[in-house]
Structure formats: C-alpha cells, structure tokens
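Below you'll find the structure, written out as structure tokens, and then a few comments.
Here is how names work: the chains are called A, B, and so on, in the same order as the sequence lines, proteins then strands, and each is numbered from 1.
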Protein chains: 2
Amino acid sequence: MAKSKIKESGSEFRRMLREHGCKATPPRLLVLELLGKTKEPMSAQALIETLAGKTDQATVYRILKTLKHRGLIRQVDLRHNHAHYELSRGDEHHHLVCNHCGKIEDVRLCDVGATHQAILRHSKHFSKITQHALEFYGVCTSCRGPEPISEPHP
Amino acid sequence: MAKSKIKESGSEFRRMLREHGCKATPPRLLVLELLGKTKEPMSAQALIETLAGKTDQATVYRILKTLKHRGLIRQVDLRHNHAHYELSRGDEHHHLVCNHCGKIEDVRLCDVGATHQAILRHSKHFSKITQHALEFYGVCTSCRGPEPISEPHP
DNA sequence: TACACAAATGCGAGTTACTTGCAAGTAATT
DNA sequence: AATTACTTGCAAGTAACTCGCATTTGTGTA
C-alpha cells in the first residue's frame with residue numbers, strides 16, 4: 001500500500017470536522033492533534049496547559065463538549081473527579097486504571113458490544129444503546145509493594 | 001416493642017462501619033441509610049440536599065471519600081460531571097444511562113469479572129484488578145422521539 | 001476573490017463541585 | 001468518667017467547568 005502508516009494529519013482532522021458539521025478552526029485542530037498523539041486519555045486541564053497561549057480554557061471546554069456530542073471524541077471517567085477525553089477512532093477498547101498512581105493502560109479484550117441486544121431485551125425502560133464504558137481498577141506493578149499506599153490517586 | 005426495619009438496618013450499618021474500622025457516627029449512618037433506600041446511584045449533591053440541616057456538606061464529602069476507600073460504597077461515574085455513589089453490596093451489576101434525561105437502570109447481565117485474569121495476562125503494567133465499572137449509554141423509551149434531543153443530560 | 005453570516009473564539013466573571021484548616025464535639029476503649 | 005484519637009461543623013478556599021458578550025473567522029454563495 002502507498003501509505004505505510006495510518007496517520008491523522010492536520011488535513012485528515014480538517015476533513016473529519018467538516019464531515020461532522022463542524023468548522024475546522026485552529027483551536028479544534030490543535031485539540032484533535034493533541035489527543036491524536038497522546039496515548040492515554042487526557043484531562044481537560046492537561047489540554048488547557050499544553051495549549052496555553054494558543055487557546056483559551058473556555059474554548060477548550062466548549063470544543064470538548066462539541067466534539068463529544070458530534071462523536072469525534074469520547075469522554076472517559078476514571079474516578080479522578082474530572083473527565084478525560086480520547087479520540088473516538090471506532091476501535092472498541094477499555095481501560096485499566098491504577099488506584100494509586102493513576103496510570104492508564106488500554107485493554108482490547110472483552111467484546112461487550114455483542115451483548116447490547118441482550119441487555120436491551122432485559123431492560124424495562126431503554127430502547128437503544130449507543131455507547132458503553134468499561135474501566136478496570138487495580139494496582140499497577142510499580143505501585144505494588146509490601147504495604148498498600150493508603151491514599152489513592154490525587 | 002415492634003422493631004422497625006429501618007432500625008434493624010441502622011444497626012446493620014453500625015456493624016458494617018465498625019467492621020471496616022470506622023466509628024459509627026450519626027452522619028455516616030444517615031448516609032448509608034439514604035444510599036440503602038435509594039435505588040439509583042446518588043450524587044453528592046442529592047445526599048447533601050436530603051441531609052440538609054442534619055449534616056454539613058463537607059462532612060458528606062468526607063464520609064463519601066472514607067466509605068469509598070473502606071469499600072462500603074462505590075463511586076459510579078456516569079458522564080454527568082459529578083460523581084454518583086451506591087452501596088457496595090457485593091453484587092456485580094452495571095448501569096444503563098440515558099444520554100438525554102439521565103435516567104439510570106441497573107443491568108445484571110455480562111459477567112466481566114470472569115475475564116479479569118485474562119486481562120491481567122495481557123497487561124504490561126498491571127498486577128491486580130480490584131474493581132471494574134461498566135456503563136451503557138443510550139436512550140430511554142420516554143426520550144425516544146421523532147427528533148433526537150440536541151442537548152444531552154444537564 | 002469577495003461577501004455575508006452563522007458559528008466559533010477570547011476574555012472576564014460566574015457557578016458548581018469538591019477540599020481544607022481548625023476549634024469543638026463524640027465514639028469507643030480503659 | 002476519663003482519655004484519646006477520630007469526626008464533625010463552620011467558614012473560607014481551590015478546582016473544574018460554564019456563561020455573556022463583543023469580536024473574529026471559516027465556509028458557502030456570488
């Protein structure tokens with residue numbers, strides 16, 4: 001194949017934004033590019049700090065909300081008292097989260113999507129499932145020690 | 001002479017707190033009783049409002065943090081920008097969340113716990129899984145209409 | 001390529017969610 | 001009932017997120 005690497009270039013994000021009915025503005029491209037090159041889901045704060053001087057925090061929050069509603073990104077909740085975000089690439093994956101240091105690892109096992117229909121058949125009030133979130137909480141190898149750390153992730 | 005059910009569960013919570021190394025104080029019992037009789041996971045705000053006049057909000061937040069660390073309650077994140085809490089009864093269950101009205105329904109299918117070992121075998125950095133959270137997002141029957149509601153849950 | 005205009009941004013101020021410091025109170029042990 | 005470490009209530013503080021509004025800009029149409 002001609003392209004050796006699936007890379008989300010600036011123009012790729014530009015196209016994605018337009019396809020989803022969003023204007024391709026510089027702040028949006030910055031947010032998407034940053035999420036694209038970061039492996040772990042990012043907090044709003046991390047995005048704001050990284051883009052300081054280039055984009056306002058209110059704008060970052062607005063962009064995150066918009067892109068989430070349009071389905072370009074996913075909100076990930078990791079019990080850290082603030083949301084994290086990651087690119088929605090269409091790949092189904094979940095997360096392993098360390099209760100002590102907050103480390104995040106992707107998990108690709110466990111095909112929960114297949115059970116959506118079964119869940120809806122058993123549900124009293126729901127007619128449609130669009131997404132699901134699966135997070136595993138535990139202890140990573142660098143946090144494992146003789147004594148468990150008393151206060152979990154900040 | 002007749003002992004009410006509420007009083008019985010009160011002493012049950014009292015016992016649970018002591019077993020987990022917590023003093024059985026009135027505010028803690030109030031929080032546990034409230035979570036015990038509410039079917040949906042509750043937000044801190046809902047607890048604070050319900051317990052207004054009886055307990056301070058700082059106390060409620062401190063109690064939630066303590067009980068969570070001690071394993072008496074579970075934090076549930078539903079992409080609502082604030083945490084929810086539910087009693088940790090040892091039963092494995094997950095949630096169906098309506099993207100529009102926020103309605104929550106319990107789900108008891110899907111035995112994800114069984115795959116913990118398989119996940120750890122594939123993990124590079126994790127040695128132990130203690131919990132997991134599985135949330136399904138969709139649309140409940142009362143929100144389903146000809147036109148999807150543009151702005152999801154407040 | 002120029003134009004019009006809805007959409008988006010930047011900035012400041014505001015709100016909500018949650019935390020902290022500290023004096024006073026209290027559950028559990030003795 | 002005395003002790004003591006743990007909890008609470010209050011007030012003030014910080015973090016996370018939102019809003020209002022004037023200005024700017026991307027994009028479809030001319």
Separation of [N] [atom2] from [X] [atom1] (nearest whole Å):
{"X": "B:Gln57", "N": "D:dG13", "atom1": "CD", "atom2": "P", "result": "15 Å"}
{"X": "B:Leu64", "N": "C:dT19", "atom1": "CG", "atom2": "P", "result": "9 Å"}
{"X": "A:Ile48", "N": "C:dC11", "atom1": "CD1", "atom2": "P", "result": "14 Å"}
{"X": "A:Gln45", "N": "D:dT14", "atom1": "CD", "atom2": "P", "result": "15 Å"}
{"X": "B:Glu49", "N": "C:dT16", "atom1": "CD", "atom2": "P", "result": "11 Å"}
{"X": "B:Leu51", "N": "D:dG9", "atom1": "CG", "atom2": "P", "result": "10 Å"}
{"X": "B:Asp56", "N": "D:dA12", "atom1": "CG", "atom2": "C1'", "result": "12 Å"}
{"X": "B:His80", "N": "C:dA17", "atom1": "NE2", "atom2": "P", "result": "12 Å"}

Nearest to the [X] side chain among [options], which nucleotide is it?
{"X": "B:Arg28", "options": "D:dA16, C:dC18, D:dT7", "answer": "D:dT7"}
{"X": "A:Thr55", "options": "C:dC18, D:dA16, C:dG10", "answer": "C:dG10"}
{"X": "A:Arg62", "options": "D:dG26, D:dC19, C:dA28", "answer": "D:dC19"}
{"X": "B:His82", "options": "D:dT8, C:dA13, C:dA17", "answer": "C:dA17"}
{"X": "B:Pro26", "options": "D:dG26, C:dT9, C:dA27", "answer": "C:dA27"}
{"X": "A:Lys65", "options": "D:dT18, C:dT9, C:dC18", "answer": "D:dT18"}
{"X": "A:Lys23", "options": "C:dC18, C:dA6, D:dC17", "answer": "C:dA6"}

- Query: At under 4.0 Å between heavy atoms, what does A:Thr25 touch on the DNA or RNA strands: base, sugar-phosphate, or nothing?
  - Reply: sugar-phosphate
- For B:Ala58, report the nucleic acid contact type (base, sugar-phosphate, nothing); a contact means any heavy atom under 4.0 Å. base
- Message: Show, in sequence, the C-alpha distance, side-chain angles and deciding distance for A:Thr38 and A:Leu87, and conclude whether the side chain to side chain contact (heavy atoms under 4.5 Å, CB included) test is met.
- Response: CA-CA 9 Å; A:Thr38 306; A:Leu87 274 193; over 6 Å; no
- Decide if the gap between the ring center of B:Phe136 and the ring center of B:His94 is smaller than 6.0 angstrom. no
